[in-house]
Amino acid sequence: MRAAVRDDEKGMILVNVLLFVAIASGMVMLMINREELALDRAIRAREAAQALSVVRGGEVSAIVALRRDAIEAPESDHAAEPWAALAESGAPIRGGTFDMAIADAQGRYNINNVMSPQLSDRIMFRSIAQAAGLSDEQIAGAVALVREYGPITDLRPIRLSGIEPERAARLEALVTALPGHTDININAAPPAVLTVLFRDPSVVDRLLALRRRQGFIARADLSDMNQTVPAGAGFTSDNFWVRTAATIGGTRQEEAALVQRIREDKRIRVATVERWRNSAVPPEVPPFASPAS
């Protein structure tokens with residue numbers, strides 16, 4: 001009897017020991033997993049910080065280039081100038097890659113111009129909105145929205161004025177939202193905007209061919225075609241889109257900025273006036289070029 005009891009006690013002790021070992025092993029595995037998660041978070045945070053510093057560095061390089069351009073070539077702004085050559089696609093950097101897109105932001109009509117007391121600004125918007133297929137009621141609604149709640153910082157609120165998505169998309173290809181009052185830069189305007197400005201498809205075709213050939217359009221070129229500079233248009237810009245992204249390891253940071261040149265007492269200051277990150281980047285910001293382009 002005593003031998004049987006001792007065997008039972010030994011068996012219970014063995015079961016308890018095995019149970020304790022199993023619990024201890026589980027706790028060790030849990031601690032290892034938590035340490036791995038903490039290490040992974042630390043690596044991700046470090047990568048994100050490095051990527052963001054690269055992104056901001058790209059923005060600073062654009063600011064420097066745009067200020068230099070305003071000093072050295074103040075008479076015209078176009079994509080054949082050195083600032084446009086800053087664009088990168090998949091450029092190798094330590095631990096990852098870097099992307100950058102920079103573009104003139106004044107190639108389209110600034111919808112905040114409708115806040116101006118000048119009737120010509122609202123007439124220009126009506127012409128552009130009609131080209132996008134908007135009705136008179138939709139045009140009036142968009143103008144009322146901007147005049148009541150503006151200046152707006154991007155075009156997404158315009159869709160709230162009752163414009164169908166298809167027409168809103170066409171309008172967004174012709175207009176933008178910039179601070180203050182701006183002219184359309186003929187050197188950055190897409191064909192549809194040039195058609196509204198010059199109202200003659202043959203003139204637009206000649207201007208586009210000239211722009212492709214020499215990289216820009218000058219005032220003298222319009223004179224040679226017996227054309228004048230349309231009201232609300234010009235050849236320079238003070239607003240530019242700068243979009244940068246960096247991938248470090250498994251972490252990607254993306255940022256878009258609206259950079260503005262500000263002229264004060266014969267001095268030129270260039271600064272970021274608006275900034276968006278990751279999914280908040282507005283649709284009118286230009287995309288990155290594909291590696292094959």
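None of these values were measured; they are calculated from a predicted model.
- A donor-acceptor pair is defined here as one N or O able to donate and one able to accept, closer than 3.5 Å; no such pair exists between the side chain of D99 and the backbone of T244.
- Qualifying salt bridge (Lys or Arg N to Asp or Glu O under 4.0 Å) partners for D77, counting only residues two or more places apart in sequence or in other chains: R261.
- Between Y109 and L174 the shortest side-chain heavy-atom distance does not fall below 4.5 Å.
- Taking every heavy atom of both residues into account, A245 and F288 meet most closely at CB-CZ, 3.6 Å.
- Between V242 and A62 the shortest heavy-atom distance is CG2-CB, 3.7 Å.
- Between the side chain of R269 and the backbone N or O of Q260, no donor-acceptor pair lies under 3.5 Å.
- The shortest non-hydrogen separation linking A51 to Q253 is CB-CG, 3.7 Å.
- Taken from CG in N187 to OG1 in T236, the straight-line distance is 9.5 Å, to the nearest 0.5 Å.
- Remark: side-chain polar atoms of N185 are not paired, donor with acceptor, to backbone N or O of Q106 under 3.5 angstrom.
- Residues W276 and L155 are members of separate hydrophobic clusters, defined by side-chain heavy-atom contacts under 4.5 angstrom among Ile, Leu, Val, Met, Phe, Trp and Tyr.
- Heavy atoms only, all atoms of each residue included: A256 and V285 are closest at CB-CG1, 3.9 Å.
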Given side chain to side chain contact (heavy atoms under 4.5 Å, CB included), test R170 with L134 step by step and report yes or no.
CA-CA 9 Å; R170 290 198 297 269; L134 272 66; over 6 Å; no

Checking L207 against Q227 for the side chain to side chain contact (heavy atoms under 4.5 Å, CB included) test, could you report, in this order, the C-alpha distance in whole Å, the side-chain angles of both residues, the deciding distance, and whether it holds?
CA-CA 11 Å; L207 290 174; Q227 297 291 320; over 6 Å; no

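- Nearest heavy-atom pair, N110 versus P179, reported as atom, atom and distance to 0.1 Å: ND2-O, 4.4 Å.
- Between the side chain of N112 and the backbone N or O of I152, at least one donor-acceptor pair lies under 3.5 Å.
- Cluster membership check: I102 shares its hydrophobic cluster with I71, using side-chain heavy-atom separations under 4.5 Å among Ile, Leu, Val, Met, Phe, Trp and Tyr.
- With rounding to the nearest 0.5 angstrom, the CD atom of E172 is 8.5 Å from the CD1 atom of I163.
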Apply the test side chain to side chain contact (heavy atoms under 4.5 Å, CB included) to residues R267 and I262: give CA-CA distance (whole Å), side-chain angles for both, the deciding distance (0.1 Å), then the verdict.
CA-CA 8 Å; R267 293 176 62 250; I262 303 164; over 6 Å; no

Report all side-chain donor-acceptor pairs from residues 188-205 shorter than 3.5 Å, counting only partners two or more places apart or in another chain.
unit_1, atom_1, unit_2, atom_2, d
T195, OG1, P191, O, 2.9
R199, NH2, S127, OG, 3.3
D200, OD1, S202, N, 3.0
D200, OD1, S202, OG, 2.6

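- Applying side-chain contact (heavy atoms from CB on, under 4.5 Å) to W241 and the options T176, V259, V281 leaves one that passes, T176.
- Both M124 and I111 belong to a single network of hydrophobic side chains, linked directly or stepwise wherever heavy atoms of I, L, V, M, F, W or Y lie under 4.5 Å apart.
- What you find for F125 and A142 is that their closest heavy atoms are CZ-CB, 4.2 Å.
- Atom CD in E255 sits 5.5 Å away from atom CD in E59 (nearest 0.5 Å).
- With hydrogens and angles disregarded, a donor-acceptor distance shorter than 3.5 Å links the side chain of N113 to the backbone of T182.
- Salt bridge R211/D221: absent, no basic N to carboxylate O contact under 4.0 Å.
- At least one side-chain heavy atom of M225 sits less than 4.5 Å from a side-chain heavy atom of L210.
- To the nearest 0.5 Å, the span separating CG on L171 from CD1 on I158 amounts to 7.0 Å.
- Hydrophobic clustering places L208 together with I186 (ILVMFWY residues linked when any side-chain heavy atoms are closer than 4.5 Å, directly or through intermediates).
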Start with the C-alpha distance between T251 and Q50, add both sets of side-chain angles, then the distance that settles side chain to side chain contact (heavy atoms under 4.5 Å, CB included), and finish with yes or no.
CA-CA 10 Å; T251 303; Q50 290 175 340; over 6 Å; no

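- No more than 12 heavy atoms of other residues, nucleotides or ligands shown are found within 6.0 angstrom of CZ on R219.
- Partner of E254 under the salt bridge (charged side-chain N to carboxylate O under 4.0 Å, His left out) criterion, chosen from R56, R243, R277, R275: R243.
- The side-chain heavy atoms of M100 and V55, taken from C-beta on, include no pair separated by under 4.5 Å.
- F216 pairs by the ring-ring contact (aromatic ring centres under 6.0 Å, His included) definition with H78, not counting sequence neighbours.
- A single hydrophobic cluster is seen to contain both I184 and V143, as judged by linkage of ILVMFWY side chains at heavy-atom distances under 4.5 Å, directly or through other members.
- F240 places none of its side-chain heavy atoms less than 4.5 Å from the side chain of D69.
- One distance of note links OG1 of T97 with CD1 of I248; it measures 7.5 Å at 0.5 Å rounding.
- To the nearest 0.5 Å, atom CZ of residue R122 and atom CE of residue M115 are 11.5 Å apart.
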